[in-house]
Amino acid sequence: MELQLDDSVLVKNYIQGDEKSLEILINRHNQRISSFIYSKVLNQSITEDIFQDTFIKVIRTLRKGSYSEEGKFLPWVLRIAHNLVIDHFRKNRRLPKFECNENFNIFSVIGDGKLNAEKQLIKDQIDFDIQLLIEQLPDDQKEVISMRMYKDMSFKEISENTGVSINTALGRMRYALINLRKLIETHNIVLTNY
Amino acid sequence: MEEIYAKKNETCELIKAQPETVQFLLNYSKSMHIVDYDGLKFENNKN
């Protein structure tokens, strides 16, 4: 029967260079420490990371001779693990995570900037209606609207392309908008907001 | 029928770190070398 050595004896042997003692210590307390960490973080891979970091601290402390045999080995290791679990949660708090629940939905405050399918259909319909209305305008006004709104040209460019002054182009634009409003009112057209 | 409001016993999940993690720690320990210089302790890693 194998003699069960006390933790303190194994620690002493390890400090004196016996690597096998460390292996026994890790295997002896593996389940206890891992389960302790897991009960806090509830994630297997984070548990592995914290377990590893815990024993790296243990190894460094023992090898540097900074370990004082004041208490028991296991409570000391569990205290290190506990501190690392706290560090883990602190680090995570700096990168906030949001989980949706009944009271709060993250998608109510963020969006991808695109319209949803219904709003896109409404927008397409409005754009189509506006094009029909523009068709009703006199040619010179239609031309200015088309250059300004659809070709994104400046009034300077419009005046150069149409051979009229900037003021005339501005005036045509103004009348085009007035006439469009009149057409909308006369025909009782409702352009739904989206 | 009466409703039972007793809290369920929380089951403690027993898990163990992977053998690879344990092996890593043993290798880390073997490769670690402490140099004592003028009262200061330096860590070295022999790889």
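Computed from a predicted structure; not experimentally measured. Proteins come first, then strands; the chains are lettered A, B, ... in the order of their sequence lines, and each starts at number 1.
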Enquirer: Does atom OH of A/Tyr150 have more than 12 heavy-atom neighbours from other groups under 6.0 Å away?
Expert: yes
Enquirer: Among the options A/Ile59, A/Asp49, A/Asn30, pick out the one with the most heavy-atom pairs lying under 4.5 Å from chain B.
Expert: A/Asn30
Enquirer: Side chain, backbone, both or neither: which part of A/Tyr14 has a non-hydrogen atom closer than 4.5 Å to chain B?
Expert: side chain
Enquirer: Check this for me: A/Lys57, atom NZ, are more than 12 non-hydrogen atoms of other residues, nucleotides or ligands nearer than 6.0 Å?
Expert: no
Enquirer: Quick one: are B/Leu26 and A/Glu19 in side-chain contact, heavy atoms under 4.5 Å?
Expert: no
Enquirer: For A/His88, what residues pass the ring pair (Phe, Tyr, Trp, His ring centres under 6.0 Å) criterion, not counting sequence neighbours?
Expert: none
Enquirer: Does any part of the side chain of B/Ser29, heavy atoms only, come nearer than 4.5 Å to the side chain of A/Phe55, both counted from C-beta?
Expert: no
Enquirer: May I ask you to name which of A/Glu23, A/Gln44, A/Arg60 has the most heavy-atom pairs under 4.5 Å with chain B?
Expert: A/Arg60
Enquirer: Between the side chains of A/Glu48 and B/Thr21, is a donor N or O closer than 3.5 angstrom to an acceptor N or O?
Expert: yes
Enquirer: Identify which part of A/Arg32 has an atom lying under 4.5 Å from any heavy atom of chain B, answering side chain, backbone, both or neither.
Expert: neither
Enquirer: Any chain of hydrophobic side-chain contacts (each under 4.5 Å) joining A/Leu170 to A/Leu177?
Expert: yes
Enquirer: Hey, any chance A/Leu183 and A/Met149 share a hydrophobic cluster, counting ILVMFWY side chains that come within less than 4.5 Å of each other, even indirectly?
Expert: yes
Enquirer: Taking A/Val9 as the starting point, is it possible to reach A/Leu62 by hopping between hydrophobic residues whose side chains are less than 4.5 Å apart?
Expert: yes
Enquirer: With the 4.5 Å side-chain cut-off for hydrophobic clustering, are A/Tyr38 and A/Ile46 part of the same group?
Expert: no
Enquirer: Among A/Ile56, A/Val58, A/Thr47, which residue has the highest count of heavy-atom pairs closer than 4.5 Å to chain B?
Expert: A/Ile56
Enquirer: Can you give me the closest heavy-atom contact between A/Ser34 and B/Ala17, atom names plus distance?
Expert: OG-N, 3.1 Å
Enquirer: Side chain, backbone, both or neither: which part of A/Ile26 has a heavy atom under 4.5 Å from chain B?
Expert: side chain
Enquirer: Looking at side-chain heavy atoms only, is the closest gap between A/Gln31 and B/Ile15 below 4.5 Å?
Expert: no
Enquirer: Do A/Leu78 and A/Ile80 sit in the same hydrophobic cluster, where Ile, Leu, Val, Met, Phe, Trp and Tyr count as joined when their side-chain heavy atoms come under 4.5 Å apart?
Expert: yes
